[in-house]
Amino acid sequence: MKKFFKAMILALAVMFVATSCTTFKAENLSYGQFVGQDLGNFNTSVTVWKILGPCGGTTLFNLGQDATAAAVTNAIQKEVTKKGGNAAVGVKISQNVTFFDTLINALTFSILAPVKVKVSGTVILMD
């Protein structure tokens, strides 16, 4: 019986490590010449609940947000407004799927597909 539990713990540990991954990443996003006063950096994240599909992949519907793009746009705008700026430069976006996201997806037979999107960058105030 002890061997069984050890094997299960080892299998769960391997699953935990193997299923946590970054499925999308984009860095230094901005286009054009943005010159302004540096108001500081931001680092935030948003969880998007999707339905009918795999975590971090294409799904049929989204819960809580119209799309991941809208969630990212809203998160950046919130940080820009909070710091009193009017633009963000050097934006980095990464979509991450954790073990628990995958577990929720598996337990619901791919009905629920949560994914965490991390966003960071620098807020500036352009003239």
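In this chain, residues are counted from 1 in sequence order. These values consider heavy atoms only, across backbone and side chains, with no hydrogens, waters or symmetry-generated copies.
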Under a 4.5 Å cut-off applied to non-hydrogen side-chain atoms, are Trp49 and Ile104 in contact?
yes
side-chain contact (heavy atoms from CB on, under 4.5 Å), that's the test. Do Lys78 and Val80 meet it? Break it down for me.
CA-CA 6 Å; Lys78 181 179 175 183; Val80 168; over 6 Å; no
Here the gap from Leu39 atom CG to Lys83 atom NZ, rounded to the nearest 0.5 Å, amounts to 8.0 Å
For side-chain contact (heavy atoms from CB on, under 4.5 Å), just list the numbers for Phe42 and Thr122, CA-CA rounded to whole Å, side-chain angles, deciding distance to a tenth of an Å, and then say yes or no.
CA-CA 6 Å; Phe42 68 91; Thr122 303; over 6 Å; no
Contact check, side chains of Val97 and Thr102, non-hydrogen atoms, under 4.5 Å
yes
Worked check of side-chain contact (heavy atoms from CB on, under 4.5 Å) between Asn96 and Val115:
CA-CA 6 Å; Asn96 302 287; Val115 64; over 6 Å; no
Heavy-atom pair of closest approach, residues Gly85 and Val123:
CA-CG1, 3.8 Å
Atom pair OG (Ser120) and NZ (Lys118), whose distance is rounded to the nearest 0.5 Å:
10.0 Å
Just wondering, do Thr81 and Glu79 contact through their side chains at under 4.5 Å, heavy atoms?
no
What closest approach, in Å, do Leu112 and Thr108 show between heavy atoms, and which atom pair accounts for it?
N-OG1, 3.1 Å
Interatomic distance, CG@Asn86 vs CD@Gln37, rounded to 0.5 Å, equals 10.5 Å
Taking atom CD of Gln95 and atom OG of Ser45, what is their separation to the nearest 0.5 Å?
12.5 Å
Residue pair Asn105, Phe100: steps toward the side-chain contact (heavy atoms from CB on, under 4.5 Å) verdict:
CA-CA 8 Å; Asn105 190 248; Phe100 296 107; over 6 Å; no
Rounded to the nearest 0.5 Å, what separation is found between the OG atom of Ser110 and the CD1 atom of Ile51?
11.0 Å
